[in-house]
Amino acid sequence: APNGVDCSETPFISIEERLKNKKQLGLENEKIGLFMGSWHQPNLDACERVFEIAKKCPNVKFFLMGSQCLYFQNRDIPTNVGLLGVVNEMEKNRVFSTVDFALNPMYSGSGTNLKMFDYMSAGIPIITSEFGTRGIDNKNIFIIADTDEMAEIVDKMSIENEITRVIEARKYVEE
């Protein structure tokens, strides 16, 4: 059976709605990224890459969400990285409705990254490694880059330019 996500549980948030949500929260001048994962070594390694990217992008906020946060809670991490921890479905969807992009700097592990289907369902633009796209046929719905290129992509990225990509990603995940 192919991997997927229950799209009825993860609503699509258009770029326009996303920008309105950010404005309502007073975050319209913030660029916010997300990495979601469990306490699993490939995810912990990817978090380390998120920290490297965050250090190069001091004006961007990065959120980590999931049990991976427990591993980092007593560690020194960049000041522009927030640990959200394990959240319920309602909180997850609220975070999903306000972030500008999702990072997926994965370079190890097996199988498809299921988080990608959550991001696609929610309409979040995704910056990912090539490895992070394994098991997903349509590569055009992602911004694919090596970790050392991701900071520059994050700095230059404007979600207004990602409308077509997120709509195509949602269609892919629905199919």
Side-chain angles (χ1 to χ4, degrees), residues 1-22 27 30-38 40 42-43 45-47 49-50 53 60-69 82 84 86-147 149-151 153-154 156-175:
N3 290 315
V5 65
D6 183 351
C7 292
S8 68
E9 293 291 320
T10 307
F12 179 81
I13 305 298
S14 70
I15 298 296
E16 183 180 331
E17 289 175 276
R18 189 171 300 285
L19 293 170
K20 284 180 187 175
N21 292 343
K22 286 180 67 178
L27 300 172
E30 302 285 347
K31 189 180 286 188
I32 306 168
L34 173 69
F35 178 74
M36 178 175 71
S38 62
H40 175 58
N43 287 332
D45 294 341
C47 288
R49 289 182 181 91
V50 171
I53 295 163
V60 179
K61 306 290 186 249
F62 295 84
F63 292 137
L64 301 183
M65 186 166 62
S67 60
Q68 66 191 352
C69 296
L84 302 177
V86 177
V87 300
N88 64 36
E89 199 69 22
M90 188 175 80
E91 292 166 330
K92 179 182 89 169
N93 287 335
R94 182 158 179 149
V95 171
F96 277 9
S97 75
T98 57
V99 298
D100 295 291
F101 63 94
L103 278 177
N104 191 41
M106 301 294 291
Y107 283 92
S108 65
S110 61
T112 306
N113 289 137
L114 298 179
K115 63 180 76 62
M116 295 286 277
F117 293 98
D118 283 319
Y119 299 153
M120 290 186 280
S121 181
I124 304 170
I126 304 167
I127 302 168
T128 182
S129 63
E130 180 74 34
F131 185 84
T133 69
R134 68 200 182 285
I136 302 171
D137 297 331
N138 185 349
K139 308 296 186 193
N140 296 323
I141 55 180
F142 309 117
I143 300 168
I144 300 173
D146 290 326
T147 303
E149 302 168 322
M150 287 184 183
I153 290 169
V154 165
K156 292 180 179 178
M157 182 184 177
S158 172
I159 65 170
E160 290 91 344
N161 297 331
E162 299 302 316
I163 294 169
T164 302
R165 203 182 317 252
V166 298
I167 291 170
E168 286 182 34
R170 175 63 185 219
K171 286 179 187 172
Y172 178 86
V173 83
E174 286 175 346
E175 291 171 3

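The model shown is predicted, which means the values in this text are computed figures rather than measured ones. Counting from 1, the numbers follow the sequence of the chain as shown.
- Salt bridge status for Lys92 with Glu89: present, with a side-chain N to carboxylate O gap under 4.0 Å.
- Separating the NE2 atom in His40 from the SG atom in Cys47 is a distance of 12.0 Å, to the nearest 0.5 Å.
- Residues passing the side chain to side chain contact (heavy atoms under 4.5 Å, CB included) test with Leu27 are Lys22, Leu25, Glu30, Ile32, sequence neighbours excluded.
- Taking every heavy atom of both residues into account, Val154 and Lys31 meet most closely at O-NZ, 2.7 Å.
- Between the side chains of Glu16 and Ser14, no donor N or O sits under 3.5 Å from an acceptor N or O.
- The shortest distance between side-chain heavy atoms of Met120 and Tyr172 falls below 4.5 Å.
- Expressed to the nearest 0.5 Å, how far CD1 of Ile15 lies from CD of Glu160 amounts to 7.5 Å.
- A 4.5 Å side-chain heavy-atom check between Ile127 and Phe142 finds every atom pair outside the cut-off.
- Nearest heavy-atom pair across Ala46 and Pro105 is O-CG, 3.6 Å.
- Distance CZ/Phe12 to CD/Glu17: 8.0 Å, rounded to 0.5 Å.
- Proximity of a side-chain donor or acceptor of Asp146 to a complementary backbone N or O of Glu149 within less than 3.5 Å is not detected.
- A 4.5 Å side-chain heavy-atom check between Ile153 and Ile143 finds at least one atom pair inside the cut-off.
- Using a distance-only test at 3.5 Å, with no hydrogens or angles considered, no donor-acceptor pair links the side chain of Asn43 to the main chain of Gly37.
- Asp45 and Ser108 get closest at one heavy-atom pair: OD2-OG, 4.1 Å.
- In this structure a side-chain-to-backbone donor-acceptor pair under 3.5 Å is present from Glu91 to Asn88.
- Looking at Lys171, its side chain never comes within 3.5 Å of a backbone N or O of Val166 through a donor-acceptor pair.
- Qualifying side chain to side chain contact (heavy atoms under 4.5 Å, CB included) partners for Ser129, counting only residues two or more places apart in sequence or in other chains: Met106, Tyr107, Phe131, Met150.
- Two residues are said to be in side-chain contact when any heavy atoms from C-beta on lie closer than 4.5 Å; Asp100 and Met157 fail this criterion.
- With Glu162 contributing its side chain and Phe101 its backbone, the two residues share no donor-acceptor pair below 3.5 Å.
- Here the shortest heavy-atom pairing between Ala151 and Ile53 reads CA-CG2, 4.0 Å.
- Atoms CZ and CD1, on Arg165 and Ile163 in that order, are 12.0 Å from each other to the nearest 0.5 Å.
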Apply side chain to side chain contact (heavy atoms under 4.5 Å, CB included) to residues Thr128 and Leu103 and explain how you reach the verdict.
CA-CA 6 Å; Thr128 182; Leu103 278 177; over 6 Å; no
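- Judged by distance alone, with hydrogens and angles left aside, the side-chain atoms of Arg170 form no donor-acceptor pair with the main-chain N or O of Ile13 at under 3.5 Å.
- Using cut-offs of 30° and 60° for the angle between ring planes, the Tyr119 and Phe96 rings count as perpendicular.
- A side-chain donor-acceptor contact under 3.5 Å links Ser121 to the backbone of Thr10.
- Here the closest non-hydrogen pair linking Ile159 and Arg18 is CD1-CD, 4.0 Å.
- A heavy-atom distance below 4.5 Å is found between the side chains of Val99 and Val95.
- In this structure, the side chains of Val50 and Leu64 come closer than 4.5 Å at one or more pairs of heavy atoms.
- Residues satisfying the side chain to side chain contact (heavy atoms under 4.5 Å, CB included) test with Lys139, not counting sequence neighbours, are Glu130, Thr133, Ile144.
- Expressed to the nearest 0.5 Å, how far CZ of Arg94 lies from CG of Leu84 amounts to 12.5 Å.
- The line from OG1 of Thr164 to CG of Asn140 is 11.5 Å long, rounded to the nearest 0.5 Å.
- Heavy-atom minimum distance, Ser38 versus Ser67: CA-OG, 3.2 Å.
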